[in-house]
Each structure stands twice: as structure tokens, then as C-alpha cells.
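The next block holds one structure in the form of C-alpha cells; read it before the comments.
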Amino acid sequence: SRNMADSAAKRQTDSGPDDLNVEVKKLKPDHENGRQEAESENILSAFKTSAVLNDSAREKTIFIHGKVTDQDAVVILEKTPIRQDSLDELFSGSSLKLEMRNDIYSTYRLQAPPHLNEIKTTVVCPATEKHVKKYQRQESFLVEETAEDYQSITLAYIQKQSFSMQWVYNILEKKAEADRIVYEDPDPQVGFVLLPDFKWDQKQVDDLYLLAIVHQRNIKSLRDLRSEHLPLLQNVFQKGKEQILQHYKLPASQLRVYLHYQPSYYHLHVHFTKLGYEAPGCGVERAHLLTDVIQNLQSDPRYYETRTLCFPLRADDGLLGKFKEAGKL
Ligand code: GTA
């Protein structure tokens with residue numbers, strides 16, 4: 001595993017300083033996963049598919065709605081990137097079946113050893129109807145939300161209708177994922193927890209995705225940010241970048257650091273993703289760079305309280321219905 005961490009770090013040294021005497025965060029070795037999986041019970045053996053919500057041949061993902069015993073569940077299957085550091089083993093340890101040969105061209109089916117052929121699997125169970133809708137392929141519509149719209153339409157809706165934030169509180173209280181925490185600043189005002197997003201399997205830095213979840217519990221989203229939050233935002237930005245450089249040897253120039261508006265979970269958190277990785281939700285209609293957020297608040301303390309903010313909503317999103325009812329679309 002040391003080799004894997006070393007080689008992952010090595011791949012980044014072109015772009016990052018190499019002279020720092022720091023411990024590089026170990027990327028997860030396969031055999032450890034294998035052991036964990038062998039020990040965990042296969043809750044999906046009784047999974048009954050009711051509908052495919054979305055799939056993409058390009059992304060190699062499928063989102064499925066179904067039932068585990070009597071409970072609704074959403075299962076996401078995703079083929080993961082081929083890692084450079086597994087190539088030797090992939091070539092030497094696989095069997096190769098010829099499909100066709102023509103002149104200098106040939107195609108094969110390579111049957112890789114099971115531990116190099118895993119499928120990243122995410123399970124939401126029990127899933128609410130809102131989860132099922134969230135993962136369903138849908139058309140989106142851009143909404144322009146004035147400060148007034150936020151007060152009269154959005155606020156009431158998100159206070160009643162948003163996803164539970166239990167998973168966020170579990171992280172802050174070390175009741176879940178405590179062993180995954182990369183860094184914590186425990187200060188109640190400017191502190192935060194930095195940990196891998198659950199979309200990242202931590203096997204390669206190419207799709208690095210970490211979340212910084214703030215300790216303050218009363219900031220719902222970008223809309224709530226005021227100049228008084230600048231020390232918090234600057235702390236997250238500064239320490240988040242430093243920690244990622246230390247642990248993954250990825251310099252700030254390789255990071256996309258942003259907030260979503262609207263987020264799915266209304267407890268302030270910041271996304272740190274690798275620049276070259278097109279993470280879901282990193283488009284201009286939803287992602288706000290933290291550096292811009294900081295500068296906007298520096299030039300106008302009430303920027304996010306007063307501005308019209310645009311964001312996409314999916315066709316069956318209840319909030320879109322509220323904007324329509326108010327004659328805003
Ligand atoms: N560590 O329990 C968790 C956890 N949960 C429940 C959510 N996150 C978690 N991280 C940890 N533990 O980046 C992460 C999410 C997300 C962030 C919340 O917290 O992965 P947000 O509030 O701005 O909400 O951020 P967002 O971005 O809408 O949520 P999400 O889930 O990323 O959905 C965006 C779109 O990404 C989805 O509509 C879907 O198309 C796609 N997507 C979601 N999950 C996956 C997946 N596993 N694989 C591929 N695509 C996915």
C-alpha cells in the first residue's frame with residue numbers, strides 16, 4: 001500500500017512541490033477493501049429492481065430504484081477509473097479472449113482479477129420519494145431567484161422539504177465516518193471537518209473529491225453568508241488547500257473549490273475537487289467558486305443577501321412548482 005501511495009503521489013509531483021517532508025495520505029489499497037467486503041453482509045442479494053432511474057454509457061453509471069426486503073432503496077453502480085499503478089498486475093494477472101483480428105488490428109475481452117474489477121456501489125436505504133426523484137433523469141429549468149423570492153418562496157420550502165441532515169451531524173459528532181476524517185479544525189466559529197465525499201473511492205487522486213463541513217450549524221447555504229462569515233470561509237479555504245497539498249500532494253492550482261446553490265443539504269459545506277475532474281454539479285449554473293464568494297463578500301457585506309441568484313431545478317422539484325405558482329416562470 002505504501003507503493004500505491006507513493007506512486008499516486010509521484011503522479012502529482014509534476015505539478016506539486018516535492019520537497020515537503022509530509023506524510024502522503026494512503027490511497028485505499030484493494031486488498032483492504034476486499035477484506036471489508038468479505039466481512040460485510042450482502043444486503044443487495046435480495047434487491048428487487050423496480051426502475052432504472054438514470055444511466056450513462058459514457059459515465060459508466062446506473063441509478064436504480066428498487067426494494068430491499070420491504071424498504072425502498074436507491075442503488076448507484078459506477079465503474080471506476082483504471083489506475084496506472086494496477087497496470088502491471090492487470091496485464092500479467094488477467095486472461096485475454098480474442099474477439100476479432102484484422103490485419104494489425106485486434107480486440108479482446110480482458111478478464112481482470114476480481115479485485116481490479118470492482119464496481120463502486122452506493123446504497124440509499126430507506127430512500128424517500130425525494131431521493132428517488134433526485135436521481136431520476138430529468139429536464140432542468142433555470143430559475144432566477146431575487147432576494148424577495150428567497151424570503152417568500154424558497155425559505156419556507158427548504159425549511160419544510162429538504163433532505164435530512166443526520167449524516168452531516170453524524171460526521172460532526174464522530175458518530176459516522178470518523179476514521180475517514182482527513183483534518184479537523186475544532187473551533188466552533190471558524191472550524192470544520194475535511195473528509196472524502198462519498199462519491200470518491202479514494203483509490204486515485206484523478207477524481208479527488210473532499211468535503212469541508214463547517215461546525216457552525218446555522219448557515220443554511222450561500223444565501224445566508226455575510227461578511228461576518230469571512231474568517232470562517234478564509235479558514236476553510238486556506239486550511240483545506242494546505243491539507244490537500246500535504247495529504248495528496250495536490251497544489252491549490254489543481255483544485256476547484258466551490259459551493260453549490262441550491263445545495264441538497266442545507267448545512268454549509270464546501271466542495272474540493274480536482275480541477276480536471278468534471279464532478280457532477282460543477283457547472284456554472286450551480287457551482288460558486290469559494291474565492292469569488294470571499295471577494296464578493298469583501299466588496300459587499302450583503303452580496304448574497306441582496307443579489308438575484310440563478311440555479312437549475314429539475315422538472316419535478318417541488319421548489320420549481322412553487323416558483324411556477326408564484327408566476328415566476
Ligand atoms: N462523506 O453520507 C455521506 C454523504 N452524503 C449523504 C452526501 N454526501 C456525502 N458525503 C459523505 N457521506 O457531494 C456528499 C455528496 C455531495 C455533498 C452534498 O455531500 O456526494 P450538495 O448539498 O451540494 O448536494 O453536496 P448535491 O451535490 O446535490 O448532492 P449529490 O448527491 O452530489 O447530487 C448531485 C448529482 O450527482 C446527483 O443528482 C447525481 O446525478 C450525481 N451523483 C450523486 N451521487 C453519485 C454517485 N455516487 N455516483 C455518480 N453520480 C452521483
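What you see below is based on every heavy atom in this structure, not just the backbone, and it leaves out hydrogens, waters and symmetry mates. Owing to the predicted nature of the structure, the values given are computational and were not obtained by experimental measurement. Start at 1 and go down the list; that is how both ligands and their atoms are numbered.
No close placement of the His269 and Phe192 rings is indicated, their centers lying 6.0 Å or farther apart.
Asp224 and Ser221 share no donor-acceptor pair across their side chains, judged by distance under 3.5 Å alone.
For Asp197, there are no salt bridge (Lys or Arg N to Asp or Glu O under 4.0 Å) partners, not counting sequence neighbours.
Protein residues with any heavy atom under 4.0 Å from ligand 1: Phe63, Ile76, Glu78, Thr122, Lys134, Tyr135, Trp167, Glu177, Arg180, Pro196, Asp197, Phe198, Lys199, Tyr209, Leu211, His260, Pro263, Ser264, Tyr265, His269, His271, Pro280, Arg286.
The existence of a salt bridge linking Glu305 and Arg226 is confirmed by a sub-4.0 Å separation between a basic side-chain nitrogen and an acidic carboxylate oxygen. Using a cutoff of 4.0 Å between basic side-chain nitrogens and carboxylate oxygens, Asp149 and Lys328 are scored as salt-bridged.
In this structure, Asp88 places its CG atom where only 12 or fewer heavy-atom neighbours from other residues, nucleotides or ligands lie under 6.0 Å away.
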